[in-house]
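Hydrogens, waters and symmetry mates are skipped; everything else that's a heavy atom, side chains included, is used.
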Amino acid sequence: MIELRAAGPLEQFEIVPIVPLALGGIDISLTNSALWMLIGTGAIILFFAMATRRASLIPGRLQGAAEVVYEFIADLVRDTIGSDGRKFFPYVFTLFLWILVANLFGLLPTFPTAPHELHVFTTTSHLIVTLALAMLTILIVVVYGFMKNGLKFFKLFVPSGVPAWLLPLIAVIELVSFLSRPISLSVRLFANMFAGHIILKLFAGFIISLFGAGGAFALLGIFPFLGAVAVTMLEFLVAALQAYVFAVLTCIYLSDAAHAADH
């Protein structure tokens with residue numbers, strides 16, 4: 001007999017060590033979060049390895065799907081950044097795919113009898129992960145901005161055509177806006193993934209409670225069940241949309257760095 005245990009809404013976000021490891025007093029254990037990062041990365045590599053294994057002029061299904069994703073991101077980078085975007089394509093392409101797969105894998109069901117540390121885990125539901133991705137993007141923007149424009153990179157904070165008496169205020173606003181980019185970029189992805197999974201868990205709790213009560217209450221359980229189905233479908237859309245938004249904003253920030261001297 002399978003025993004089902006109700007878990008709290010926040011338990012699904014708990015990071016649990018799978019293989020405890022320590023190096024010089026620093027905890028480097030393999031956790032469920034790290035495991036699903038590796039699974040997602042491996043899935044991406046495996047997909048493109050299989051899609052390009054027998055590349056042909058007339059693509060099959062896998063090759064066709066890979067080419068659609070490739071062209072989609074290539075067009076995005078080219079249209080947003082321009083001729084300078086070619087060098088950033090590998091980064092944006094990898095970033096988009098990694099976030100997309102991490103979001104989608106977090107929606108997979110978990111076997112009821114699986115140990116807690118082996119439950120499906122959404123890595124992008126943790127702020128530290130999304131903040132690391134956002135900080136990496138901003139670091140690339142700053143480094144490339146200075147490499148491409150030198151001190152003219154600061155023109156990003158002083159737009160041309162602004163009256164002299166208004167420049168100090170505009171410069172401060174632009175600087176604060178620039179410094180807030182990694183925060184907004186990371187919180188947007190984290191909050192959407194976190195909130196969506198919380199709502200799903202609450203609907204699931206209502207379903208179990210009503211069905212467990214029996215009688216007329218069991219009939220009422222159909223409403224949270226339909227709600228859970230609707231939210232799940234919406235979460236698949238949000239998973240893809242948030243990966244796209246992260247990629248678009250990354251391209252916009254890179255475009256600012258590439259053309260800072262033109263502001």
Side-chain angles (χ1 to χ4, degrees), residues 15 23 26-28 31 33-34 36-38 40-42 44-45 48 69-70 72-103 106 122-159 170-194 239-263:
I15 296 179
L23 179 63
I26 301 176
D27 187 2
I28 57 170
T31 64
S33 178
W36 280 94
M37 290 183 192
L38 293 173
T41 303
I44 294 171
I45 295 173
F48 280 95
V69 177
Y70 181 95
F72 177 72
I73 299 301
D75 289 342
L76 171 65
V77 172
R78 182 169 50 249
D79 295 342
T80 308
I81 306 176
S83 58
D84 287 325
R86 185 177 303 174
K87 60 175 67 71
F88 296 114
F89 170 77
Y91 174 69
V92 178
F93 185 69
T94 302
L95 189 67
F96 170 78
L97 281 176
W98 196 88
I99 294 175
L100 176 63
V101 170
N103 291 349
T122 310
T123 56
T124 47
S125 66
H126 277 258
L127 183 59
I128 187 61
V129 175
T130 60
L131 183 60
L133 296 175
M135 290 300 294
L136 177 60
T137 293
I138 298 303
L139 178 61
I140 294 174
V141 168
V142 172
V143 171
Y144 179 73
F146 278 110
M147 289 176 59
K148 174 77 182 295
N149 306 283
L151 293 179
K152 290 184 178 180
F153 178 68
F154 289 110
K155 289 191 66 178
L156 192 63
F157 311 113
V158 187
I170 296 298
V172 172
I173 292 175
E174 290 292 335
L175 179 61
V176 171
S177 174
F178 183 84
L179 294 177
S180 67
R181 285 179 176 182
I183 299 175
S184 62
L185 195 60
S186 58
V187 170
R188 181 184 295 104
L189 175 57
F190 148 76
N192 276 277
M193 294 299 102
F194 184 86
L241 182 61
Q242 287 304 311
Y244 174 71
V245 169
F246 204 104
V248 167
L249 291 177
T250 295
C251 289
I252 292 175
Y253 299 158
L254 291 169
S255 177
D256 287 342
H259 307 103
D262 301 331
H263 280 252

Worksheet item: Tell me, do Leu139 and Met135 make a side-chain contact under 4.5 Å, heavy atoms counted?
Response: no
Worksheet, complete the sentence: The reported gap from CG in Leu189 to CG in Leu131 (rounded to nearest 0.5 angstrom) is 11.0 Å
Discussion item. Rounded to the nearest 0.5 Å, what separates atom CG in Leu254 from atom CD1 in Ile138?
Written reply: 8.5 Å
Fill in: Over all atoms of both residues, closest heavy-atom pair of Ser177 and Ser180
O-OG, 2.8 Å
Worksheet entry | Exercise: identify the closest heavy-atom pair between Gly85 and Val77 | O-CG1, 3.0 Å
Response to the item:
The side chain to side chain donor-acceptor pair (under 3.5 Å) partners of Lys87 (sequence neighbours excluded) come to none
Worksheet item: Rounded to the nearest 0.5 Å, how far does CD1 of Ile173 lie from CZ of Phe157?
Response: 13.5 Å
Worksheet item: Who pairs with Asp75 by salt bridge (Lys or Arg N to Asp or Glu O under 4.0 Å), at least two apart in sequence or on another chain?
Response: Arg78
Discussion item. Show, in sequence, the C-alpha distance, side-chain angles and deciding distance for Phe89 and Tyr70, and conclude whether the side chain to side chain contact (heavy atoms under 4.5 Å, CB included) test is met.
Written reply: CA-CA 10 Å; Phe89 170 77; Tyr70 181 95; 3.4 Å; yes
Practice prompt. Sorted by first residue and then second, give each salt bridge (Lys or Arg N to Asp or Glu O under 4.0 Å) pair with at least one member in residues 123-137; sequence neighbours left out.
Written response: none
Worksheet item: Do Ser186 and Leu133 have side-chain heavy atoms sitting under 4.5 Å apart?
Response: no
Worksheet item: At what distance, to the nearest 0.5 angstrom, does SG of Cys251 lie from CD1 of Ile73?
Response: 7.5 Å
Practice prompt. With sequence neighbours left out, write down each residue that passes side-chain contact (heavy atoms from CB on, under 4.5 Å) with Ile128, or none if nothing qualifies.
Written response: His126
Worksheet item: For Leu127 and Val187, what are the C-alpha separation, side-chain angles and deciding distance, and is it a side chain to side chain contact (heavy atoms under 4.5 Å, CB included)?
Response: CA-CA 7 Å; Leu127 183 59; Val187 170; 4.1 Å; yes
Discussion item. Which residues pass the side chain to side chain donor-acceptor pair (under 3.5 Å) test with Thr122, not counting sequence neighbours?
Written reply: His197
Fill in: Heavy-atom closest contact (Ser184 atom, Tyr253 atom, distance)
OG-OH, 4.4 Å
Worksheet item: Rounded to the nearest 0.5 Å, how far does CD1 of Ile81 lie from CG of Leu76?
Response: 8.0 Å
Which donor-acceptor pairs under 3.5 Å do the side chains of residues 90-100 make with protein atoms, sequence neighbours left out?
{"from": "Tyr91", "atom 1": "OH", "to": "Thr137", "atom 2": "N", "distance (Å)": "3.4"}
{"from": "Tyr91", "atom 1": "OH", "to": "Thr137", "atom 2": "OG1", "distance (Å)": "2.7"}
{"from": "Thr94", "atom 1": "OG1", "to": "Pro90", "atom 2": "O", "distance (Å)": "2.7"}
{"from": "Trp98", "atom 1": "NE1", "to": "Thr41", "atom 2": "OG1", "distance (Å)": "3.1"}

Discussion item. Could you tell me if the side chain of Asn103 sits less than 4.5 Å from the side chain of Met193, heavy atoms only?
Written reply: yes
Worksheet item: What distance separates Phe246 CZ from Asn192 CG, expressed to the nearest 0.5 Å?
Response: 12.5 Å
Fill in: side chain to side chain donor-acceptor pair (under 3.5 Å) contacts touching residues 240-252 (sequence neighbours left out)
none
Worksheet item: Under 4.5 Å between any side-chain heavy atoms of Leu179 and Val176, yes or no?
Response: no
Practice prompt. Output all residues satisfying side-chain contact (heavy atoms from CB on, under 4.5 Å) with Ile252, sequence neighbours left out; order by chain, then residue number.
Written response: Thr80, Val248, Leu249, Asp256
